[in-house]
Amino acid sequence: MTAGRGAWITLEGGDGSGKTTQSNLLADWLADAGHTVVRTREPGGSEVGQLIRDIVLHHRGDIAPRAEALLYAADRAHHVATVVRPALERGEIVLQDRYLDSSVAYQGAGRVLDGTEIRDLSLWAAEGALPDLTLLLDLDPAAARRRLDSADKPFDRLEAEKAEFHGRVRDAYLALAAAEPERFLVLDATASVDDIAAQIRERVAALLD
Ligand code: TYD
């Protein structure tokens with residue numbers, strides 16, 4: 001961990017991979033064990049971030065890929081400075097939906113920008129902060145799409161992208177996890193909710209030990 005004394009856990013994965021379900025279960029488990037948990041997300045984990053979230057997810061019409069990358073990076077810069085670092089410095093556990101791996105996967109691979117440049121941009125924005133643990137819920141994009149369709153919610157700008165986009169996102173996530181096996185735990189999102197939760201708890205228990 002590069003910031004503070006608490007622990008920082010991020011959840012990553014394609015849309016519809018079950019991040020929210022697992023995040024809820026992990027938060028309850030941590031709270032039951034007596035930890036103070038700060039739940040947050042990108043984009044939109046701060047007041048400024050909410051405004052940026054509204055642009056990147058709901059703007060009608062195109063946003064140039066580099067502008068989109070910078071908007072996510074701006075959200076990240078403000079969020080890490082004002083929410084994540086202070087919580088870690090207070091010794092709390094930050095449980096965060098999405099972080100810079102999302103940018104490398106969606107803006108890098110999805111929008112076909114240079115993944116290394118996108119990662120460097122995010123690291124600059126966040127002054128080098130990296131999570132202690134990143135939980136990657138891996139799911140085939142076709143299965144994810146079926147889940148999203150059955151959820152009957154309107155798609156945001158990223159969710160509405162084509163299957164090839166989401167295929168590139170998935171491949172990029174798996175490549176990131178392979179490059180940093182000590183930071184990532186890759187979970188098969190087709191396993192049962194309970195199975196996945198148990199694997200997560202085992203790894204988080206080891207982290208907090
Ligand atoms: P999310 O909050 O997970 O959406 P939802 O609330 O609908 O589950 O994420 C919003 C979208 O933003 C998601 O499609 C992925 C995308 N995203 C990026 O493209 N780059 C990023 O850096 C981040 C953090 C998210």
Side-chain angles (χ1 to χ4, degrees), residues 8-24 26-27 39-46 48-60 62-81 83-84 94-126 129-131 134-139 141 143-173 175-176 187 189:
W8 188 12
I9 301 168
T10 57
L11 289 111
E12 296 282 357
D15 301 282
S17 60
K19 292 188 302 301
T20 308
T21 304
Q22 292 301 331
S23 176
N24 289 341
L26 180 58
R39 297 190 66 184
T40 188
R41 67 173 178 181
E42 291 184 7
S46 65
V48 169
Q50 287 287 354
L51 301 171
I52 297 174
R53 182 181 173 94
D54 201 38
I55 301 171
V56 280
L57 297 188
H58 304 302
H59 173 71
R60 293 204 195 90
D62 286 345
I63 299 178
R66 282 164 195 264
E68 183 182 275
L70 286 163
L71 286 165
Y72 281 112
D75 168 69
R76 186 156 299 135
H78 191 71
H79 182 232
V80 169
V83 176
V84 177
V94 177
L95 183 55
Q96 178 172 332
D97 212 346
R98 299 190 181 280
Y99 186 54
L100 92 179
D101 303 298
S102 279
S103 281
V104 178
Y106 285 78
Q107 281 64 56
R111 301 285 187 223
V112 202
L113 295 170
D114 182 322
T116 305
E117 287 179 358
I118 295 292
R119 183 181 159 87
D120 287 348
L121 173 70
S122 277
L123 285 173
W124 178 81
L130 277 174
T134 298
L135 305 167
L136 172 59
L137 283 147
D138 176 51
L139 184 62
R145 175 54 49 139
R146 285 195 293 277
R147 288 186 187 185
L148 289 177
D149 285 342
S150 66
D152 203 27
K153 277 198 315 190
F155 290 164
D156 66 40
R157 285 180 58 256
L158 283 294
E159 285 167 346
E161 282 294 335
K162 291 192 274 302
E164 302 88 84
F165 178 99
H166 291 288
R168 291 197 298 276
V169 167
R170 184 201 195 186
D171 292 347
Y173 268 136
L176 284 166
L187 299 141

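Atoms within each ligand, like the ligands themselves, are counted from 1 in listed order.
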Per-atom contacts, ligand 1 versus [X] - under 4.0 Å to a heavy atom:
X	result
Leu158	14 (O), 16 (C), 19 (O)
Asp15	13 (C), 14 (O)
Glu42	24 (C)
Arg98	1 (P), 3 (O), 9 (O), 13 (C), 15 (C), 24 (C), 25 (C)

For the residue pair [X] and [Y], establish whether any side-chain heavy-atom pair is separated by less than 4.5 Å.
X	Y	result
Ile9	Val94	no
Asp138	Tyr173	no
Arg53	Arg41	yes

Among all the protein's non-hydrogen atoms, which is closest to [atom], and how far away is it?
atom	value
atom 8 (O) of ligand 1	Glu159 OE2, 4.4 Å
atom 20 (N) of ligand 1	Gln107 OE1, 2.8 Å
atom 25 (C) of ligand 1	Tyr72 CE2, 3.4 Å
atom 22 (O) of ligand 1	Ser103 OG, 2.6 Å

Distance only, no hydrogens: is a donor on one side chain within 3.5 Å (strictly under) of an acceptor on the other, for [X] and [Y]?
X	Y	result
Ser23	Arg39	yes
Tyr72	Glu42	no
Tyr106	Asp15	yes
Ser103	Arg76	yes

- [ ] Check Leu57 against ligand 1 and report side chain, backbone, both or neither, counting heavy atoms closer than 4.0 Å.
- [x] side chain

Task: ligand 1-proximal atoms of Asp75, by part, heavy-atom distance under 4.0 Å - done: neither

Task: Salt bridge Arg111-Glu161, side-chain N to carboxylate O under 4.0 Å - done: yes

Task: Stepwise side chain to side chain contact (heavy atoms under 4.5 Å, CB included) test for Glu68 and Arg157 - done: CA-CA 11 Å; Glu68 183 182 275; Arg157 285 180 58 256; 3.0 Å; yes

Looking at ligand 1, is there an atom of it that comes within less than 4.0 Å of some heavy atom belonging to [X]?
X	result
Asp97	no
Arg76	yes
Arg53	yes

TODO: Return a yes/no value for Glu68: is any of its N or O atoms, backbone included, closer than 3.5 angstrom to an N or O of ligand 1?
DONE: no

